[in-house]
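To find a chain, count down the sequence lines: A is the first, B the second, and so on, and within it residues start at 1.
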Amino acid sequence: MTAQDIPQTDRTDRNRVERYDPTGIEPRWQQRWDELGLYRTDLHDTSRRKFYLLTMYPYPSGDIHIGHWYIKTPTDAIARFHRMHGENVFLPIGFDAFGLPAENAAIKKNINPRDWTMGNIDNMRRQLRMMGATFDWDAEVVTANPDYYRWNQWFFLQFLKAGLAYRATSAVDWCPNDGTLAREQVEGADRHCWRCGAKVEKRDLAQWYLRVTNYADELLDFSGLDWPEAIKTQQTNWIGRSEGGEIVFETAPSGFHPGGAELRVFTTRPDTLFGATFMVLAPEHPLVAELTAPDRFKEVNAYVAQAANRTEIDRLSTDREKTGVALGTDAINPINDERIPIFVADYVLGGYGTGAIMAVPAHDERDYAFANKYGLPIRRVVAGEAARDEVGELDSAYIAHSANDRLVNSGPYRGLPADEGGKAIITALEAIGKGKPSVTFRLRDWLISRQRYWGTPIPVIYCERDGIVPVPDEDLPVRLPDTVDYRGSGENPLNRDEAFLSVECPVCGGPARRETDTMDTFIDSSWYWYRYLSPEKAGAPIDRELVESWTPVDQYTGGSEHAVMHLLYAREFTKMMRDVGLIDQDEPFKRLFNQGQILGLDGERMSKSRGNVVDPDDLVARYGADTVRLFLMFMGPWDQGGPWSPTGIGGVHRFLNRLWTIAVDPHGREPGDPESGTLPAGVDEAAARLQIRQAAHRTLKGVTADYEVFHFNTMIAKLMELANLLMRFRGSVVAGSAEWDEAVRLSLLMLAPAAPHITEELWSRRLAAGGKEWSSIHTETWPAVDESTIVEATREVPVQVNGKLRDRLVVPADIDPAALEAAALASERIRTVLAGRAPLKVIRAGGGRLVNIVVRDEG
RNA sequence: GCCGAAGUGGCGGAAUGGCAGACGCGGCGGUCUCAAACACCGCUGAGGGCAACCUCGUAUGGGUUCGAAUCCCAUCUUCGGCACCA
């Protein structure tokens, strides 16, 4: 058929056909899905394979912004894809409803934090529904509700009983807004609060901790977890396991002290023990006062006091000058009985290792700097091959460690390889009770007390007679009082709420006071995915049977900013729940995916204060939710994120328009295209039909693979290619053929997870046109690839000479190697390039996918 | 400083040992329209040539290979994490 054959009257008036109007379609289908309860998961259905898909629940700050869409809509596509594979998918949603912003708003606007939070949640529910996402709202969890937070309290009491929760007084990190902070929640060299950015101070306070360091070794084991390497590395570094030895030094007797006090040090380099020329205690070390000579008391006290205040002032830089003060007491090196002076210096940290070090200035940069400043001896004790015999005692340089170093200046250990020598030294010390192999971690116990109102009250009572008394289980929950009196200050209003504070001691019945600190809100997010499975369970935190059948979570999606906070706490909490007998699993999330972050137009993190937040409502109003969803998936790889730029959204919208046109108006002509309605030159009807069928199935194969690995951008690109091909054939003899129809059907099914509304609309029209009863496209089964159609009769083979592309041959698909080689050498173009040179070698790569002819290069 | 990720057209990106730049944006040209919008069609890495084509080209320098954006070594840059951890 040619252009002349088509009567001009057939030319379509574009306005005759109904156009794609997402604003009309989308709310209608959302309502329909809701009414049908399409996404309510029957948790007790064991006939199908379960798939627990979890996405990080949002903090109800008030608005869903484009960043939320970037996490949630591809997650929804994953859920729909799995449903189409017959799995019983559970995709719950909830709100991380406790936290400081609610209190700030309350103080500023004089509204109750609960009212503020619940109002925001209402708005966010509405916005989340606009995505057309398949959340199971029946399972919703709101952590600020007493039926949730009472279980935080109950867990705490279980942990207390098991010795996993404890109270201790020490110097803690304290944020003027958030109250005390866990170690992970202090960020940067300037030590600011993770949430509000305020500078963190040190305070001596009695606080509640969870003993997560019990799990340090276990947390390093990621076997069986499909997590991004970057997160595993970050957690591993955070946990910071160091292997070495503990060595006991004793103090030498002096005029004011009998000596014999034990000073334990941790070192990763026991091989350098002979190079220890002094010793350093942290300012917080308990023996500082005892070991200070009377004539040095004043100076040492001043230094310790100044160190305590220093934290917020100038701990800014790692290259800050080292300072310290001598105590006036010596320690005795257990390996050679040498006397070395003891210093106090703030470059040694109280909370790490034993809070004391042996200083080896020749082999440690910090010790070297300190020794240099105070004129202390420097003795080199390990050396490489060349330097070994020339090493003097007082070599003044710091020498980095290298693999084949050997010990020098080390008495009987001289000549041993460093690693071996270190082990030998520890063994020798162990024999005399002065040392042992030892492992130290950087990880600290989790400080969970916060001096805030809007959180879970810690269920403890302080009685003058009975001390710390846990609230009895039957008195849970300890409710937050609803009326809050801030008096314009940021101070915890619970501190002056007599009705809350004053309580009878559960033991003696006498007057007692309640704990007014509340829990870190990261407690809330440490078990919410278990609660999703048991939302109505009143008598227990979790439905154990459902938890065992549905968890661990199959796939977790969310940002990587919580690498060493939420994602680490969740693992720790799971292990604690296991150890008090609540669950029977070691890890919460089998597979983790971190999507990238969408930045503002200015390349900065989106935030209200920067004024660079992109509001999806406007985009949805203009293009529809499907376009916004697709555009976010099409922008680039999901794990990459990047600055927001709306310039490409029109292209995605045009694609949906084309799909609409192909589906509702296959026979229409494009008046703007003179070739419209004709087949391309050299393509007959049979070839066109075959081409369509092959393209559809090849696309299906690629799209299926892309969904499986979350490559949504290339998935959409492939569907665009297919749509472009169909568009080329629109109005021609093959439009509306069986092959065309199959290609449209497959396109809709393939796109259904990503763009659920337009595909549902077009699907329902197909069913109606075929006189069939309506059923949702989202209950369809994912189509199967017909491999036989993908096999082509001929294929194109690139031919290279010396690795440079010189020709492309079209050959029968099943051509044998010899014939392919002959065909390549026979090519006119190749013969010209060869110019008579004989091939040295002919390489047929990838089963004949490519031919490379190797010849001697001329010149 | 240490740890991790990444550098490809004007832009977002594709290709992870075999045809670099799929798909999309932007740009240029065109069709449709009274016109505009919408839509559709074609071209679009750089340089050379009337052309068929040729040369160069994936941060930089080297290497491995018949063949490298892809693997190895070194360097530079950007982004993320850590912050004196003995």
Side-chain angles (χ1 to χ4, degrees), chain A residues 11 14-15 19 186-191 228-234 236-238 240 242 244 265-269 272 280 315-320 322 345-349 351-354 356-360 363-367 369-370 440-442 560-561 563-564 597 603 631 634-637 639-640 642-643 645-652 654-655 657-658 661 669-676 711 713-721 724 727-728 730 796-808 829 839-846 849-855:
Chain A
R11 291 194 146 208
R14 271 191 297 257
N15 298 319
R19 315 210 32 189
V186 182
E187 293 181 340
D190 60 343
R191 303 183 55 75
E229 286 303 320
I231 300 287
K232 292 195 279 187
T233 307
Q234 264 191 69
T236 301
N237 292 343
W238 188 262
S242 288
V265 304
F266 172 75
T267 178
T268 54
R269 295 287 308 279
T272 63
V280 186
R315 289 193 65 129
L316 283 166
S317 164
T318 50
D319 41 59
R320 197 183 94 230
K322 305 271 175 292
D346 66 3
Y347 81 89
V348 172
L349 307 176
Y352 181 79
T354 59
I357 61 157
M358 62 180 208
V360 184
H363 306 289
D364 181 280
E365 273 182 285
R366 297 150 301 182
D367 298 343
F370 191 86
T440 296
F441 295 92
R442 221 184 87 116
S560 59
E561 65 272 22
V564 294
Q597 200 169 36
F631 178 55
F634 185 62
M635 276 172 44
D639 58 2
Q640 198 173 287
S645 161
T647 50
I649 196 165
V652 171
R654 271 193 284 282
F655 159 59
N657 266 310
R658 275 201 294 280
T661 304
R669 300 286 174 73
E670 177 46 55
D673 175 11
E675 310 275 295
S676 179
H711 289 179
N713 56 333
T714 53
M715 178 275 285
I716 293 165
K718 287 176 179 111
L719 287 170
M720 285 174 166
E721 278 187 83
N724 291 346
M727 200 67 186
R728 227 164 284 144
R730 192 168 75 104
E796 200 182 64
V797 178
V799 181
Q800 302 177 329
V801 175
N802 286 350
K804 266 185 191 158
L805 180 71
R806 295 299 179 178
D807 198 9
R808 293 163 218 254
R829 300 255 296 268
L840 297 174
K841 200 169 8 164
V842 177
I843 289 167
R844 292 180 310 273
R849 271 202 336 277
L850 171 142
V851 175
N852 188 16
I853 299 165
V854 185
V855 294

Closest to the side chain of A:Asn852, out of B:A86, B:C84, B:G18, is B:G18
query = Taking only N and O in the side chain of A:Asn724, is any of them less than 4.0 Å away from OP1 or OP2 of B:A22?
reply = no
Contacts of A:Tyr352 meeting ring pair (Phe, Tyr, Trp, His ring centres under 6.0 Å) (sequence neighbours excluded), chain-then-number -> none
Exercise for review: Kindly say if A:Arg806 contacts the phosphate of B:C54, meaning a side-chain N or O under 4.0 Å from OP1 or OP2.
Suggested key: yes
- Can you tell me if A:Asn802 uses its side chain to pair, donor with acceptor, with the backbone of A:Val855 under 3.5 Å? yes
Whole-Å distance, A:Glu187 CD to B:A83 P, equals 9 Å
Exercise. For B:C32 versus B:G42, give the span between their C1' atoms, rounded off to a whole number of Å.
Key: 15 Å
Of B:G4, B:C38, B:C25, the nucleotide closest to the side chain of A:Thr233 is B:G4
Next on the checklist: With rounding to the closest Å, how many angstrom separate the P atoms on B:C11 and B:A74?
Outcome noted: 30 Å
field: Under-3.5 Å donor-acceptor pair between A:Lys718 side chain and B:C23 base
entry: no
Review point. Does the side chain to side chain contact (heavy atoms under 4.5 Å, CB included) test come out yes or no for A:Phe266 and A:Thr268, once each step is laid out?
Key: CA-CA 7 Å; A:Phe266 172 75; A:Thr268 54; 3.9 Å; yes
Inset, instruction - Kindly say whether A:Arg829 contributes a backbone atom to a donor-acceptor pair with the side chain of A:Arg806 at under 3.5 angstrom? - result: no
For a quick test of reading the model: is some side-chain N or O of A:Arg829 closer than 4.0 Å to OP1 or OP2 of B:C53?
yes
Backbone of A:Gly803 reached by a side-chain donor or acceptor of A:Asn852 within 3.5 Å | yes
RNA chain B in dot-bracket form (Watson-Crick or G-U pairs under 3.5 Å, [ ] crossing, | inter-strand) is (((((((..(((.....[....)))((((((.......))))))((((....))))..(((((..]....))))))))))))....
Of the candidates B:C82, B:U55, B:A86, the side chain of A:Arg442 sits closest to B:C82
Ranking B:C38, B:A86, B:G12 by distance to the side chain of A:Thr267, first place goes to B:A86
dist A:His711:NE2 -> A:Lys718:NZ (nearest 0.5 Å) comes out at 9.0 Å
The nucleotide from B:C38, B:C23, B:C3 with an atom nearest the side chain of A:Asn237 is B:C3
Of the listed B:C56, B:C25, B:C84, the closest approach to the A:Tyr347 side chain comes from B:C84
Original post:
When the C1' atoms of B:G7 and B:A14 are considered, how many whole Å apart are they?
Top reply: 16 Å
Contacts of A:Asn713 and A:Arg658 projected onto RNA chain B by closest heavy atom; the upstream (5') one is A:Asn713
Which of B:A86, B:C82, B:G13 is nearest the side chain of A:Gln640? It is B:G13
- On a whole-Å scale, what distance lies between the C1' atoms belonging to B:A68 and B:G57? 14 Å
Testing B:U55, B:A14, B:G24 for proximity to the side chain of A:Thr714, the answer is B:A14
Whole-Å distance, A:Phe655 CZ to B:C25 P, equals 12 Å
For atom C1', what is the distance between B:A46 and B:C34, given to the nearest Å? 43 Å
Salt bridge (Lys or Arg N to Asp or Glu O under 4.0 Å) filter on A:Arg654, not counting sequence neighbours, yields none
Regarding the side chain of A:Glu670, the nearest nucleotide among B:A83, B:C40, B:C23 is B:C40
Quick note, A:Met720 side chain, CB onward, closest among B:C23, B:A83, B:C41 is B:C23
